[in-house]
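Read the structure below first, then the notes.
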Amino acid sequence: MATKAQKVYDGSSIEVLEGLEPVRRRPGMYTDTQNPNHLAAEVIDNSVDEALGGYATRIEVTLHKDNSLEVEDNGRGMPVDLHPTEKIPAIELIFGRLHAGGKFSADNYAFSGGLHGVGVSVVNALSQETEAIVTRDGAVWQIVFEDGEISSPLKKISDAPKNRHGTSVRFKPNPKYFDSSDFNVRALIHLLKAKAVLCEGLTVTFKNEITDEFFTWNHEGNLGGYLTGLLEGEEILPPNTFNGLVKEDEGEVEWAVAWVSKKGFERIQESYVNLIPTPEGGTHVNGLRAGLLAAVREFCDLHSLLPKNLKLMPDDVWAHCSFTLSVKIRDPQFAGQTKEKLSNRQCASFVERIVKDRLSLFLNANAALGKQIAALIIERAKDREAQAKVVERKKAVRGPQLPGKLVDCTSNDPAQCELFIVEGDSAGGSARQARESSFQAILPLRGKILNTWEVSAHTALASEEIRAISVAIGCEIDSDNLEGLRYNKICILADADSDGLHIGTLLCALFVKHFTKLVEEGHVYVACPPLYRLDAGKEKEYALDDDELALKQKQFLKKGIKPESIKIQRFKGLGEMNPEQLRETTLAPKSRKLLQLTLAEDNKDVTFSLMSLLMSKKRASDRRAWLEKNGDKAELLD
């Protein structure tokens with residue numbers, strides 16, 4: 001039988017990407033490619049870190065008419081001397097090499113937003129031109145890059161006045177890497193205002209030369225005043241917010257919380273870590289939520305406020321809650337390079353303890369006000385219970401028989417419930433033992449489901465596995481009616497290998513094509529189980545992938561742990577994890593990582609076109625052409 005000619009696969013086939021080329025190849029791995037705002041944030045955060053360390057008091061940001069952005073501070077100035085081992089100027093390393101920076105060691109910054117060491121180097125890689133001017137030690141220095149490469153080497157351009165110091169970075173984003181090369185000015189202004197509010201003694205200015213606008217902000221008090229300003233015109237409890245600031249050796253926590261009684265009010269929930277905004281929350285927000293719940297429960301029990309058989313749930317406290325939370329910790333770990341979600345597990349208990357203790361004191365010292373807050377939360381709990389009874393009656397009267405392999409939860413409140421669709425009976429057994437039975441349900445699947453992208457609802461439901469999914473979640477296929485939805489979160493949980501990715505892709509295709517409304521409403525998630533576990537004595541960590549493994553190993557070494565003392569376990573599948581490990585890494589809300597599937601109206605056509613290319617049998621030739629063109633960029637999975 002004739003075989004196709006095969007390309008030679010040997011050592012010469014291995015491609016090593018030098019310098020900043022990895023960023024240019026896959027910019028989406030390092031930044032948000034919708035617009036250049038994240039690039040701006042990386043440069044601004046460098047200046048803010050100087051302010052956090054007590055070295056800078058002023059940051060000036062200018063949006064020039066050519067759409068370049070300039071950030072200037074009066075900090076120490078980036079180092080321009082020769083690096084002792086690389087023998088090139090340190091600033092050249094900072095801008096020209098990934099994972100080079102001064103924030104890996106606590107000697108330079110007690111608190112900083114930098115950890116990955118890819119900040120301004122990513123900015124440089126994705127910009128047409130980048131210029132840095134450094135003033136320090138009586139001299140002014142300049143270095144210029146074009147498309148990430150040095151166009152004008154570091155040189156001294158003048159002497160500097162005595163005691164003058166700081167750094168100015170100006171960059172112009174390259175349009176080919178972004179959906180829009182224009183900065184989102186409104187979001188940029190909000191970010192800069194928050195930086196000034198969160199950092200005492202820092203003055204931040206923003207000049208927009210395109211519109212000839214100018215803004216200046218500085219610290220005007222605690223976060224309570226900031227949140228009150230955001231909630232201006234609303235009736236809030238407490239009237240001046242519940243706020244505080246606690247500094248300990250472990251870190252610092254500052255918060256402001258208020259409850260708005262008006263139904264339908266869009267809550268304001270802002271969180272920051274070392275002044276980095278975390279729009280997806282993370283462990284620090286989980287800690288705040290748990291602390292509020294524990295304190296309110298304790299207050300209600302102490303004053304006998306709860307009706308019989310009514311138990312407060314986290315969302316009862318959260319439903320009307322607006323907050324601003326700012327945490328400062330050492331070695332922050334984020335989920336992804338864009339730093340939108342904090343993943344330090346210990347931060348949850350740290351914040352929970354502080355907030356719970358302070359809110360308990362506050363409520364008991366202001367009992368009348370505390371009872372008003374409790375009444376609002378209890379009313380929400382009553383509404384939830386009443387709705388749950390209606391849903392339960394509908395299920396009992398009209399609902400089809402649930403799949404026999406579904407391990408359901410005990411709660412009758414869909415808003416609290418989660419369903420994990422798990423690959424295989426082995427993983428399903430571990431997940432069953434690991435879950436929190438009160439609100440987490442498990443539905444194991446047998447292998448890969450049918451590719452449903454091009455099939456009708458009738459054909460899809462002929463599959464036992466897909467019919468079980470439809471019945472379990474309580475929604476009919478190809479329907480926009482979510483009244484029967486039995487779980488607020490539907491989580492796809494598969495092995496972190498190629499087969500698991502295949503199963504996860506098939507399930508994503510099922511939900512996007514036949515349960516579109518579920519995805520649009522934000523009910524579908526993909527769980528992220530780790531590939532590795534690291535142990536060294538009492539120290540224990542998990543890593544999602546090879547990059548995070550390397551990072552965790554570096555952190556162990558920084559703590560003085562010898563390399564030979566670090567034991568690394570690679571999980572071949574979920575079934576290899578014991579229930580405790582699976583609970584801690586993948587199921588427990590405080591420590592897990594979930595990716596939410598989203599489908600906005602403005603990108604639905606693009607998403608469906610991409611899914612069609614990936615999944616449609618009719619587009620096999622297009623898919624083959626795409627693979628032939630891009631196959632060399634694929635990464636091998638073990």
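In this chain, residues are counted from 1 in sequence order.
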Item checked: Polar side-chain atom of E42 near backbone of V120 as donor-acceptor pair, under 3.5 Å -> no

Item checked: Those residues that, when tested against L557, pass side-chain contact (heavy atoms from CB on, under 4.5 Å) (two or more places apart) -> P563, I566

Check: Does V197 offer a backbone N or O that forms a donor-acceptor pair with the side chain of N218 under 3.5 Å?
Finding: no

Check: Side chains of E50 and Y55: donor-acceptor distance under 3.5 Å anywhere?
Finding: no

Next item on the list: Please list, chain by chain and in numerical order, all residues satisfying side chain to side chain donor-acceptor pair (under 3.5 Å) with E209, sequence neighbours excluded.
Entry: H64

Check: Quick one: do the Q128 and E146 side chains pair a donor with an acceptor below 3.5 Å?
Finding: no

Margin query: Between E235 and K262, does any side-chain N to carboxylate O distance fall below 4.0 Å?
Written below: no

Checklist line | E548 with K554: basic N within carboxylate O range, under 4.0 Å | finding: no

Notebook entry, point to check: Taking the six-membered ring for Trp, is the centroid-to-centroid distance between W259 and F323 below 6.0 Å?
Noted result: no

Note to self: Do H38 and T31 pair up side chain to side chain, a donor and an acceptor below 3.5 Å, judged on atom types alone?
What the structure shows: yes

Notebook entry, point to check: Are Q269 and S322 close enough that a side-chain donor and a side-chain acceptor fall under 3.5 Å?
Noted result: no

Item checked: ring pair (Phe, Tyr, Trp, His ring centres under 6.0 Å) against Y226, all qualifying residues, sequence neighbours excluded -> none

Next item on the list: Could you tell me which residues satisfy side-chain contact (heavy atoms from CB on, under 4.5 Å) with T607, sequence neighbours excluded, listed by chain and number?
Entry: L599, N603, M611

Next item on the list: Please identify each residue that fulfils ring pair (Phe, Tyr, Trp, His ring centres under 6.0 Å) with F511, with sequence neighbours left out.
Entry: F515

Next item on the list: Step by step, work out the side-chain hydrogen bond (donor to acceptor under 3.5 Å, both in side chains) result for E213 and T211.
Entry: CA-CA 5 Å; E213 294 177 294; T211 60; 2.8 Å; yes

Margin query: Can a donor-acceptor pair be found, under 3.5 Å and without considering hydrogens, that links the side chain of D159 to the backbone of A139?
Written below: no

Item checked: Partner residues of A187 under the side-chain contact (heavy atoms from CB on, under 4.5 Å) criterion, sequence neighbours left out -> N37, N184

Item checked: Contacts of F215 that satisfy ring pair (Phe, Tyr, Trp, His ring centres under 6.0 Å) - sequence neighbours left out -> W217

Checklist line | Lys/Arg-Asp/Glu bridge criterion (N-O < 4.0 Å) met for E250, R330 | finding: no

Item checked: With E521 via side-chain contact (heavy atoms from CB on, under 4.5 Å) - residues at least two apart -> L482, K517, H523

Margin query: Restricting to side chain to side chain donor-acceptor pair (under 3.5 Å), what partner residues turn up for T241, sequence neighbours left out?
Written below: N243

Notebook entry, point to check: Any luck finding a side-chain donor-acceptor pair between S68 and R170 under 3.5 Å?
Noted result: yes

Next item on the list: Mark yes or no for whether T167, through its side chain, and M78, through its backbone, hold a donor-acceptor pair below 3.5 Å.
Entry: yes

Note to self: Test: salt bridge (Lys or Arg N to Asp or Glu O under 4.0 Å). Region: residues 188-207. Which pairs qualify, not counting sequence neighbours?
What the structure shows: D45-K195

Check: Mind checking what makes ring pair (Phe, Tyr, Trp, His ring centres under 6.0 Å) contact with F95, not counting sequence neighbours?
Finding: F145

Check: Is D147 salt-bridged to R24, going by a charged N under 4.0 Å from an acidic O?
Finding: no

Next item on the list: Can you see which heavy atom on K172 is nearest to which on D66, and at what distance?
Entry: CE-O, 3.1 Å

Margin query: Which residues pass the side chain to side chain donor-acceptor pair (under 3.5 Å) test with Q553, not counting sequence neighbours?
Written below: none

Next item on the list: Please confirm whether the backbone N or O of T205 pairs with a side-chain atom of T216, one donor and one acceptor, at under 3.5 Å?
Entry: no

Check: Do we see a donor-acceptor contact under 3.5 Å between the side chains of T130 and N124?
Finding: yes

